[in-house]
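Just below is one structure, and these are the notes that go with it.
What you see is a predicted model, and the numbers here were worked out from it, not measured in a lab.
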Amino acid sequence: MKILVCVSKTPDTTSKIAFTDGNTKFDETGVQWIINPYDEWYSLVRAIELKEKDASAVIHLVTVGGADCDPVIRKALALGGDEAIRVNTENSDSYYIAAQIAEVAKKGAYDIIFTGKETIDYNGSSIGGMVAELVDAPYVSLATKFDLNGTTATITREIEGGEETCEVSLPVVVSCQKGVAEQRIPNMRGIMAARTKPLQVVEPAATDALTSIVSYELPPAKAGVKLISPDNVAELVRLLHEEAKVI
């Protein structure tokens, strides 16, 4: 069984967000980069769990980005990936990224392609579906549970107001979220082994980006808080009506 796990780098959630070049570029000065948590904690760990049950399974990692992604993907190798592929290009367009991943997936003939449900910087939640379409495989999103019996996967996913359980034959593309696996921390043996695991750099396939970023902007600053005495109900009602305009 061959498993492909899509990995991306994202800013740590404690990073200060700022923009440069007239708000057209993200300012990376002083930013700490991490593996996107949905990729690391859920999709990669679930792949590792599957390999622990099937010693013949192989886990490949794929990321789309420049050389600055190497430390992030090395950490993913330390967690338990067998080898990694980095597509040497940088682009924020979801279709362009999905097309690069799909090219890798087609060449590798993978049985399972795991993605996180979204990245925590763009929150697009679109890569998995696009990859599935491009490789002509079924797609199940927002998985909270993934079980495998032979070549049949049983997947539980969130839907509006509840959960849905699906059965699908491999190959399949699945986006993972909280519940599908539990977070792991690389151990020293994994960290040392990751240094020598293969990290193949490939050039991008010829693909046109469909979107481009015009500008970024920060959300408006939060207004100050007014404290009203619990005995002064009339003043509270007045402020809600005249200032907040919610009643």
Checklist entry - Salt-bridged, Asp70 to Arg86, with N to O below 4.0 Å? => result yes

Next on the checklist: Just by distance, no angles: are the side chains of Ser94 and Tyr122 close enough, under 3.5 Å, to form a donor-acceptor pair?
Outcome noted: no

Checklist entry - Do you see a donor-acceptor pair shorter than 3.5 Å between the side chains of Thr115 and Asp39? => result no

Checklist entry - What is the distance from atom CG of Leu227 to atom CG of Leu236, rounded to the nearest 0.5 Å? => result 11.5 Å

Checklist outcome for this item: Closest non-hydrogen contact found for Gly116 with Ser43 is N-OG, 3.9 Å

Checklist entry - According to a 4.5 Å side-chain heavy-atom criterion applied to Ile, Leu, Val, Met, Phe, Trp and Tyr, with indirect links allowed, do Leu4 and Val87 form part of one hydrophobic cluster? => result yes

Item to check | From CG (Leu50) to CD1 (Ile112), nearest 0.5 Å | outcome: 5.5 Å

Checklist outcome for this item: Heavy-atom closest pair (Ile113 atom, Ala105 atom, distance to 0.1 Å) is CD1-CB, 3.7 Å

Next on the checklist: Would you say that Tyr95 contacts Ile127 through its side chain, given a criterion of any heavy-atom pair below 4.5 Å between the two side chains?
Outcome noted: no

Item to check | Minimum side-chain heavy-atom gap Thr13-Ile120 below 4.5 Å | outcome: yes

Next on the checklist: Which heavy atom of Ala76 sits nearest to which heavy atom of Ile35, and what is that distance?
Outcome noted: N-CD1, 3.7 Å

Item to check | Rounded distance (nearest 0.5 Å) linking atom OG1 of Thr63 with atom CD1 of Ile101 | outcome: 7.5 Å

Next on the checklist: Taking atom CG as the centre, does Asn123 end up with more than 12 heavy-atom neighbours from other residues, nucleotides or ligands that are less than 6.0 angstrom away?
Outcome noted: yes

Item to check | Charged N-O contact under 4.0 Å between Lys75 and Glu40 | outcome: yes

Checklist entry - To the nearest 0.5 Å, how far apart are OH in Tyr38 and OG1 in Thr119? => result 10.0 Å

Item to check | Derivation and outcome, side-chain contact (heavy atoms from CB on, under 4.5 Å), residues Ile155 and Phe146 | outcome: CA-CA 5 Å; Ile155 305 166; Phe146 181 97; 3.6 Å; yes

Checklist entry - Is the number of heavy atoms from other residues, nucleotides or ligands under 6.0 Å of Ile185 CD1 greater than 12? => result no

Item to check | Residues Lys9, Asp68; criterion salt bridge (charged side-chain N to carboxylate O under 4.0 Å, His left out); working and verdict | outcome: CA-CA 9 Å; Lys9 70 167 192 175; Asp68 54 345; 2.6 Å; yes

Next on the checklist: For a 4.5 angstrom cut-off between non-hydrogen side-chain atoms, does Val62 reach Val5?
Outcome noted: no

Checklist outcome for this item: Closest non-hydrogen atoms of Pro138 and Ser169, given as atom of the first, atom of the second and distance, are CG-O, 4.2 Å

Next on the checklist: Using a 3.5 Å distance criterion without hydrogens, assess whether the side chain of Asn149 forms a donor-acceptor pair with backbone atoms of Thr152.
Outcome noted: no

Next on the checklist: Hydrophobic clustering (ILVMFWY, side-chain heavy atoms < 4.5 Å, transitive) - are Val174 and Ile3 grouped together?
Outcome noted: yes

Checklist entry - Is it the case that more than 12 heavy atoms not belonging to Glu83 sit under 6.0 Å from its CD atom? => result yes

Next on the checklist: Is the shortest side-chain heavy-atom distance between Glu235 and Arg238 below 4.5 Å?
Outcome noted: yes

Item to check | Test item: Phe26 and Ile17 side chains (from C-beta on) under 4.5 Å apart, heavy atoms | outcome: yes

Checklist entry - Do any N or O atoms from the side chain of Asp21 and from the backbone of Thr24 form a donor-acceptor pair under 3.5 angstrom? => result no

Checklist entry - Are any of the side-chain nitrogens in Lys25 or Glu90 under 4.0 Å away from the carboxylate oxygens of its partner? => result no

Checklist entry - Any sub-3.5 Å donor-acceptor pair from Arg46's side-chain atoms to Lys145's backbone N or O? => result no

Next on the checklist: Keeping Asp93 on the side-chain end and Thr211 on the backbone end, is there a donor-acceptor pair under 3.5 Å?
Outcome noted: yes

Checklist entry - How about Lys197: does its NZ atom have over 12 heavy atoms from other parts shown lying under 6.0 Å from it? => result yes

Item to check | Contact check, side chains of Leu79 and Val45, non-hydrogen atoms, under 4.5 Å | outcome: no

Next on the checklist: Looking only at the aromatic ring of each residue, does the gap between the centers of Tyr42 and Phe114 stay below 6.0 angstrom?
Outcome noted: no

Checklist entry - Taking 4.0 angstrom as the limit, do Lys226 and Glu243 come out as a salt bridge? => result yes

Item to check | N-O pairing of Glu164 and Arg157 below 4.0 Å | outcome: yes

Checklist entry - Would a hydrophobic clustering, with Ile, Leu, Val, Met, Phe, Trp and Tyr connected at side-chain separations under 4.5 Å, put Ile191 with Ile73? => result no

Item to check | Ser175 side chain to Leu142 backbone, donor-acceptor under 3.5 Å | outcome: yes

Item to check | Heavy-atom side-chain proximity of Asn91 to Val64 below 4.5 angstrom | outcome: no

Checklist outcome for this item: Here the gap from Gln32 atom CD to Ile34 atom CD1, rounded to the nearest 0.5 Å, amounts to 8.5 Å

Next on the checklist: Side-chain heavy atoms nearer than 4.5 Å, only ILVMFWY residues, links allowed to pass through others: does that put Val168 and Leu170 together?
Outcome noted: yes

Next on the checklist: Is it the case that the side chains of Thr154 and Asp147 hold a donor-acceptor pair, with the cut-off being a distance below 3.5 Å and no angle test?
Outcome noted: no

Checklist entry - Can any side-chain N or O of Ser125 pair as donor or acceptor with the backbone N or O of Lys117 at less than 3.5 Å? => result yes

Next on the checklist: Testing the basics here: between Ala78 and Ala194, what is the closest heavy-atom pair and its distance to 0.1 Å?
Outcome noted: N-CB, 3.6 Å

Checklist entry - Taking the side chain as C-beta and beyond, is there a heavy-atom pair between Val237 and Ile247 under 4.5 Å? => result yes

Item to check | Derivation of the side-chain contact (heavy atoms from CB on, under 4.5 Å) call for Arg195 and Arg74 | outcome: CA-CA 7 Å; Arg195 297 179 180 180; Arg74 284 289 179 194; 5.8 Å; no

Checklist entry - In terms of hydrophobic clustering (I, L, V, M, F, W, Y; side-chain heavy atoms under 4.5 Å; direct or indirect links), are Ile97 and Leu61 co-clustered? => result no

Item to check | Salt-bridge contact Lys51-Asp82 (side-chain N to carboxylate O under 4.0 Å) | outcome: yes

Item to check | Over 12 foreign heavy atoms within 6.0 Å of OH, Tyr139 | outcome: yes

Next on the checklist: Show the nearest heavy-atom pair for residues Pro198 and Leu77, with the distance to one decimal.
Outcome noted: O-CD1, 4.3 Å

Checklist entry - Just wondering, are more than 12 heavy atoms of other shown residues or ligands nearer than 6.0 Å to CD in Glu242? => result yes

Checklist entry - Say you draw a straight line from CE of Met1 to OG of Ser56; how long is it, rounded to the nearest 0.5 Å? => result 7.0 Å

Next on the checklist: Using a 6.0 Å cut-off, check whether atom CG of Asp136 has over 12 heavy atoms from anything other than its own residue.
Outcome noted: no

